[in-house]
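For reference, the structure is listed below as structure tokens.
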Amino acid sequence: MEISKQYDPKQAEEHHYARWEQRGYFAPEINQDPAAPVFSIAIPPPNVTGSLHMGHALQHTMMDVLTRYKRMCGYRTLWLPGMDHAGISTQLMVSRELKKEGLTRHDLGREKFVERVWKWKHDSGGQITKQMRREGASVDWSREKFTMADDLSRAVRHVFVSLYEEGLIYRGNRIVNWCPNDQTVLSDLEVLKDPQPGKLYYLRYPAKNGNGSVTVATTRPETMLGDTAVAVNPNDDRYRDLVGTTLLLPLTERQITVVADEFVDPHFGTGAVKITPAHDPNDYELGLRHNLEQVVVIDAHAKMTPAAGASFAGLDRYKAREKVVAEFEALGLLEKVVDYEFSISKCERCKTVLEPLISLQWFLRMEKLRDLALELLAREKKPQFVPEVPYEKVYATWLENLRDWTISRQLWWGHQIPAWFTKDGEVIVARSLAEAEMKAGTVDLTQDQDVLDTWFSSALWPFSTLGWPEQTKDLQTFYPTSVLITARDIIFLWVSRMVMMGLKFVGERPFDDVFVTGTILDKHGQRMSKTKGNGVDPLEVFDKFGVDATRLTLAQVGTTDTRWNEKQVESYRNFANKIWNAARFCLMNSEGAAINARLLEVAPKVALHDRWILSRLNRTSGTVRDALGSYQFHEAVQALYHFFWDDFCDWYIELTKAEVTAEEATPGRTEARSRLLTVLEQALRLLHPFMPYITEELWLQLPRGDAYVLHAAYRGAGPTIMLTAYPEARLELMDDRAEKEMEAVIDLISRVRNIRSEMNIKPGERVELIIGAPTETLRAVFENNQNQISRLARASRIVISEQLDAPRASARAVLVGGAEVAIPLEGLIDFAQERQRLAKEKEKLAEEAAKLEAQLANPQFAERAPVEKVNEIRVRIGDITQRVKQLQQTIANLE
RNA sequence: GCCCGCUUGGCUCAGUGGUAGAGCACUCGCUUCACACGCGAGGGGUCAGUAGUUCGAAUCUACUAGCGGGCACCA
């Protein structure tokens, strides 16, 4: 069999995914065990306009690791994929396309435009679904969903109507965040607060009685044209007498009164506030309290209205600002202008400065829904956030302060609001036109032109994708989902709303756990962003280092922000290559051998290194299982990396090499080869959730002898590592004694290698080892493993006795357990140098002993520390002082 | 203004009451019949600072500094 020396990820990535997908391995139906436990994840649906970025790759890796792991553990596993219609983004994307043709969406009209969006989606949307296949994501494509498809739209209408009928959805005129560029309202969460330098203008409003004036401070002088009051704090002595008096609003004919309201901070500005109820959220509230008139002076395009006065009407808001200031100055009413930094509200998407406007919109009352979520958290501590700090508190605090949600949008791409108006202006909310006509008793209806906020449909995702409102088998089986893996910036936008909607409409939480990933920053610690152009394209990383290496890198990011580090991917690329070559070695020496489950059991007469590797294997599986059970991806990766590289490659393969590569085809050789293959196969299984491609590629080449290959739940499926059983962590195979004995062998070999290196002994040169071991057990261990020791330490001869009896001209080392080793080096030893080398080592040990002695000498330590801790220290001191003594003796002998 | 996170070897990060870890980088030696994307052997950290709790603190508490994040306000 020809296997190349270097792993070529592309080759492995080409074939397996399509086969897995076509054979239905990702679908839960592959599991034939009716009693199988269930594991399910609903993917955070990427935007249909989106393409894969690092954030996706990160989340998808973690979701896939868990999904593949659970599947191998025999769970009925569903990872459900899909996409979000992404209202504004998609509409903008298609509008931009139209622009190239010299058209606007209005030229097409609503119906044609929406058709065009669907066409765009069909032709070029959903790039990300192809890219997810490259990632190896084991999602069930047969259940793929789209938020604008008929089934999910139906769920959306159902929810809307229910909430309306319950009085939680209402339509009303309120002040909202308006984007003059996108021509739509936005929810509070879609507003970007951008601090920037600006100016504070002090404007003087004369009193009607000609007696003085009141000065107000404002950052937006143009809104004064819509002022309908000036407010002061009721406790502000400076203005007490003015409350109730009338002012003349300059540049207008209007007379406005001074009102008193607690809202006003007497210490800010002049302590007197101009009130523009139509164009400021706070003023709006205050206006309602005082029954103030709302004068709309700015329109939806951020231009001044006729109500602003003839000379202002039609002016852009910033031009109007200049003009207002100029006119105040001319009238001598501009007191001063000072520099002032403040946050300005911008459209999250297009960065246009928003305009607070009074507008007729649909809103969702949140109190009842919010309480459902808060009760769940208080009662059951669900969802369980990982990490709990700070997200649980952030989530709870946000819910507690929740305000009504503006759910309508002035867009064409989205779920059109299922409300119709009769000629008389009556509002009919219904699940369909037919139902509306029936309710209205007329066919003369016009549907509301607005669509719903994209996040409204996203909020239903965990259950709408499972067939709700029908009580489908999928819904019963897979809801609630097991875990949600997401980035922290959508905890409010999405996570909280899913919890509320899930509780409200299914009566159960949508997921048990919420794992919040860290963010991958660029190498300077900056957030990756399109505008900065500092993003790293996962697909390029896949091309350069392979998908598996990238996944391993991402899997260990965990919950803290991490700078992108290509060197790390490179090191995992090297790891993949290591796996490749280890398998290559096993396969090159596999003639006559096959995987055999029997070899995973302990049997009498099994060699130390075989018992040891089984112990390490089971222990590693335990570590990985525990780690994944608590979302400690990093720990799982580390355990796997070190098990494979250090234990399996550096030691096990080397220890077993002589047997495995023996010339003669003996039963012993076959057994050793089979053992090696069997352990390798288990190791590949352990790695598979993290590195699906290389493990499958190699696994398919292994000589799989018997029929045990697949997990019982997947009996009859074609050969694939992804449906094998994840290795058990069997306590009875975790062999402390074997690990301890192996440690002695490893220590011996390492110390000899150390001496060889420090003495500059040529790598090819063989040396004699004289070993003194105080205990019967140790002597037996060294004797039984002489072949391995001499091979790995390059020894010509090994002499083992109770007392070390070596020539004076030897290099020596004291080992764990009190054994000693000496290498006779007649003519090579500089006695002074050797004494120095040993003295240095003795010094180190003595220091450690002194530290421990001091601790033990503290009477309070013995008194208060747990007994086992005290004993542990005693044992360590015993061991160290023993070694110090031996070293001292050795040094003395060299004098 | 309120809340939160981070600060560990040159770099990127684990660890979170009881002997400071990894990868990369660095030094020395190696074409050892799986792998130079490799093998073997090394050097390198008073775990940001201060004070406390504790028999014992990188780990818990408080404060300080630097960096980062969220929320609110911003007339």
Side-chain angles (χ1 to χ4, degrees), chain A residues 3 5-7 193 195 198 200-201 216-220 223 230-231 263-265 268-276 280 282-283 286 340-344 387 389-391 393-394 397-398 401 488-489 491-492 519 521 523 525 527 545 549 553 556-568 570-589 632 634-635 637-638 641-642 649-650 653-654 657 661 749-750 753-758 760-764 791-792 794 848 851-852 855 858-866 869-870 872-873 876 880:
Chain A
I3 306 173
K5 276 179 149 188
Q6 252 185 28
Y7 170 52
K193 305 280 178 153
L200 194 57
Y201 302 84
V216 295
T218 181
T219 55
R220 301 199 56 196
T223 61
V230 164
F263 160 76
V264 180
D265 174 5
F268 188 90
T270 61
V273 189
K274 61 187 274 310
I275 301 299
T276 323
D280 180 277
N282 288 313
D283 294 4
L286 191 144
Y340 179 63
E341 176 152 328
F342 62 104
S343 284
I344 198 157
V389 178
Y391 299 114
K393 197 170 154 191
V394 166
T397 309
W398 183 79
N401 299 307
R488 66 169 151 267
D489 49 359
I491 289 179
F492 306 145
T519 308
L521 308 168
K523 63 181 167 193
R527 276 187 104 86
F545 297 108
T553 308
Q556 58 158 21
V557 164
T559 59
T560 50
D561 293 357
T562 306
R563 296 173 192 219
W564 178 251
N565 180 2
E566 197 177 273
K567 283 284 181 192
Q568 181 73 78
E570 191 181 329
S571 99
Y572 285 134
R573 187 272 316 264
N574 296 350
F575 180 53
N577 197 54
K578 187 76 181 175
I579 296 169
W580 181 260
N581 278 289
R584 180 168 177 259
F585 172 79
C586 299
L587 288 168
M588 279 164 53
N589 296 288
Q632 314 266 324
H634 184 274
E635 192 183 341
V637 171
Q638 290 304 305
Y641 182 93
H642 291 293
C649 293
D650 288 350
I653 288 182
E654 295 305 329
K657 201 173 244 178
T661 58
I749 294 168
S750 299
R753 283 171 171 174
N754 172 257
I755 289 171
R756 295 180 59 109
S757 181
E758 294 203 3
N760 291 316
I761 296 167
K762 292 249 162 4
R791 185 183 160 90
L792 298 188
R794 301 234 144 204
E848 200 186 329
K851 238 165 72 182
L852 294 172
Q855 196 176 354
N858 182 348
Q860 286 179 311
F861 172 69
E863 224 171 89
R864 304 198 191 178
K869 207 79 234 166
V870 179
E872 192 189 307
I873 301 269
R876 268 170 56 204
I880 293 171

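A, B, ... follow the sequence lines: proteins, then strands. Residue 1 opens every chain.
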* Under a 3.5 Å cutoff on both atom distances, Watson-Crick or G-U, what's the dot-bracket for RNA chain B ([ ] crossing, | other strand)? -> ((((((((.[[[[.)..(..]]]].(((((.......))))).....[[[[[..)....]]]]])))))))....
* **Interatomic distance where CG belongs to A/Asn282 and P belongs to B/rA72 [whole Å]** => 12 Å
* To do: May I ask you to decide if the ring planes of A/Phe575 and A/Tyr572 are parallel, tilted or perpendicular, using 30° and 60° as cut-offs?
  => perpendicular
Would you tabulate the nitrogen or oxygen pairs shorter than 3.5 Å linking the protein to nucleotides 19-26 of chain B?
residue, atom, partner, partner atom, Å
B/rU19, O2, A/Glu848, OE2, 3.0
B/rG23, O2', A/Ser571, OG, 3.0

* Asked: Over how many whole Å does the gap from A/Asp561 atom CG to B/rA14 atom P extend?
  -> 10 Å
* Asked: Who passes side-chain hydrogen bond (donor to acceptor under 3.5 Å, both in side chains) against A/Lys869, sequence neighbours left out?
  -> A/Glu872
* Reckon A/Val264 touches a base, only the sugar-phosphate, or nothing at all at heavy-atom distances under 4.0 Å? -> base
* A/Tyr391: partners by side-chain hydrogen bond (donor to acceptor under 3.5 Å, both in side chains), with sequence neighbours left out -> A/Arg488
* Asked: If you check every side-chain atom of A/Lys578, which of B/rG40, B/rA34, B/rU12 has the closest atom?
  -> B/rA34
* Asked: Under 4.0 Å between a side-chain N/O of A/Lys523 and OP1 or OP2 of B/rU12, yes or no?
  -> no
* Spell out yes or no: do the side chain of A/Gln6 and the base of B/rA34 have one donor N/O and one acceptor N/O closer than 3.5 Å? => no
Quick one: which protein N/O atoms are closer than 3.5 Å to N/O atoms of nucleotides 61-65 of chain B? Pair and distance per line, please.
none

* Between B/rC37, B/rA34, B/rC4, spot the one nearest the side chain of A/Arg573, thanks. => B/rC37
* To do: With heavy atoms under 4.0 Å as the rule, sort A/Phe263 into base, sugar-phosphate or nothing.
  => sugar-phosphate
* Answer with base, sugar-phosphate or nothing: what part of the nucleic acid does A/Pro859 contact at a heavy-atom distance below 4.0 Å? => nothing
* Per-nucleotide protein contact string for nucleotides 41-48 of chain B, where B marks a base within reach and S marks sugar-phosphate only (heavy atoms under 4.0 Å, - for neither) -> SS------
* Asked: Roughly how far, to the nearest 0.5 Å, is the CG atom of A/Leu286 from the CG atom of A/Asp280?
  -> 9.5 Å
